[in-house]
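Chain naming here is simple, since letters A, B, ... match the order of the sequence lines and numbering starts at 1 in each.
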Protein chains: 2
Amino acid sequence: MTGQLGPQDLPILAKAGYYLALRVGFAFPLEEINALPSAWVELYTAERLMLQDPVIRWVYTNTGTIRWSEICDDDPGDVMRKAREFGMRYGLCVAVSDPVDEGQRSFGSFARPDREFMDDEINLLSDFVARTHRAKAPPTNVTLAEIEALRMVKQGKRLKEIAYQLGVSEGAVKQRLKNAKLKLGAKTGAQAAALASQFGLI
Amino acid sequence: MTGQLGPQDLPILAKAGYYLALRVGFAFPLEEINALPSAWVELYTAERLMLQDPVIRWVYTNTGTIRWSEICDDDPGDVMRKAREFGMRYGLCVAVSDPVDEGQRSFGSFARPDREFMDDEINLLSDFVARTHRAKAPPTNVTLAEIEALRMVKQGKRLKEIAYQLGVSEGAVKQRLKNAKLKLGAKTGAQAAALASQFGLI
DNA sequence: AAATGGATTCGCCATAAAGGAGAGTGCACA
DNA sequence: TGTGCACTCTCCTTTATGGCGAATCCATTT
């Protein structure tokens, strides 16, 4: 396999499921993609395995890639054994951080039932997480005025109302949202508000 | 102080800052409110203290309330001492879960520099977290068709495009969004999409 | 089988809101 | 003295919203 992975390749490569936590900041990620077996998710949630999970511990304290089998860490909650019962026998962790912005990191965990991940697969997945991490980088050039307007759109306010409350003309609000849409790459105000929300801007 | 707390009361009661994680599911919350000192947030993020934080460990493994001083847990990362240097000397944890839906929990951590939280304050804060948890409960009566439409609105698609891709009339899409707005308590499509996104429905 | 109620779809209309293009104004900064 | 940038305004088009009635489909009840 050569070239770059896309999201559509993940189910094939990570046959037993995968999990992505994108842009983890203070404690939690801006976005999470959970394609793990739903029965496992239920158990993991109910038993609150996160804090005991050696995989989570590894990605929080390291950067790079590692096979689950190579993680040298206690597993008091027996999380890895439990995971095996859901088909997640062999796995890979990826943790990346942006060299220019160490504040946010992204994690990926990929599982398969049949064999270890091979070196070139690891490279592909690592590259995929790194690219996704960069792609989800919040834009830095959105002005405070634009963010204000986006926040009020998200709150369900009309342009007229926003203009009145901000003390500017409706045209100005339109202009702000237009700029915000451009910077966020959004086609509509709804999308812009959702994106800004996802980026943690509002 | 009697009655119920509102968000505006928190800065007074938790003078040194507070943090709310609402509706924690698989691993992460649907919504997070972070009113901790920004210098502390930076340190906490940079040193990735979450996994070592006795407060986090407590709220993930317990339900109820506890003063920080009463948490009997190792603190290998010296997190509590570091927190004191940012004015967070006395603190309170609250962890709640919905009796009918154990799947999601909410946490709160409140800090002040001068004295322990008093019993009646603990009751008020506990009640506040429980009420906020309930208030953020995702609606369960939104249909799949409505969610589909909301997802496409969030993606910046126009009604005409949505109708075409779903193979229904534009009027049907309008009706779906109208119902969705009603169920979500949203005034506009933008707000409905943002709420659905926040609720993890899309 | 027939009737009932609920949810969904659809078309039509009128109005409100949002989106887009262009031009002008004021302001800070190099 | 330009050069960006944010703000404002106008004019026009497109889109969204809301109300209404009718048709359809489904499951449940009678």
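Within the 4.5 Å cutoff, side-chain heavy atoms of B:Leu49 are placed close to those of B:Lys82.
Between A:Tyr18 and A:Phe110, the angle of the ring planes stays under 30°, which puts this pair in the parallel group of the 30/60° scheme.
With D:dT17, D:dT15, D:dC7 as the candidates, the nucleotide lying closest to the side chain of B:Lys160 is D:dT15.
Using a 4.0 Å cut-off between charged nitrogen and carboxylate oxygen, B:Lys15 and B:Asp114 count as a salt-bridge pair. Taking a cutoff of 4.0 Å between a charged side-chain nitrogen and a carboxylate oxygen, A:Arg48 and A:Asp53 do not qualify as a salt bridge.
Residue B:Lys181 is in sugar-phosphate contact alone, with no base atom involved, counting any heavy-atom pair closer than 4.0 Å across all strands shown.
Atom NZ of B:Lys157 and atom C1' of D:dT15 are 17 Å apart (whole Å).
A donor-acceptor pair shorter than 3.5 Å cannot be found between the side chains of A:Tyr164 and A:Glu170. A donor-acceptor pair shorter than 3.5 Å can be found between the side chains of A:Thr63 and A:Arg105. Between the side chains of B:Glu116 and B:Ser69, at least one donor N or O sits under 3.5 Å from an acceptor N or O.
Along DNA chain C, the nucleotide closest to B:Ala172 and the one closest to A:Gly189 are compared, and the more 5′ of them pairs with B:Ala172. Comparing B:Arg158 and A:Lys183, the nucleotide of DNA chain D nearest to each residue sits closer to the 5' end for A:Lys183.
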Using a cut-off of under 3.5 Å, enumerate the N/O to N/O pairs linking the protein to nucleotides 3-5 of chain D.
none

Report each atom pair, protein N/O against N/O of nucleotides 19-24 of chain D, whose distance is under 3.5 angstrom.
none

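The structure places CZ of B:Phe28 at 10.5 Å from CG of A:Asn34, a figure rounded to the nearest 0.5 Å.
Here A:Tyr19 and B:Phe26 bring their ring centres to under 6.0 angstrom of each other.
Residue A:Lys187 places its NZ atom among more than 12 non-hydrogen atoms of other residues, nucleotides or ligands, all under 6.0 Å distant. Annotation: B:Lys136, atom NZ; neighbour count of heavy atoms from other residues, nucleotides and ligands within 6.0 Å does not exceed 12.
For DNA chain C, the contact window with chain A, defined by any atom under 4.0 Å from a protein heavy atom, covers C:dA17 to C:dA21 in 5' to 3' order.
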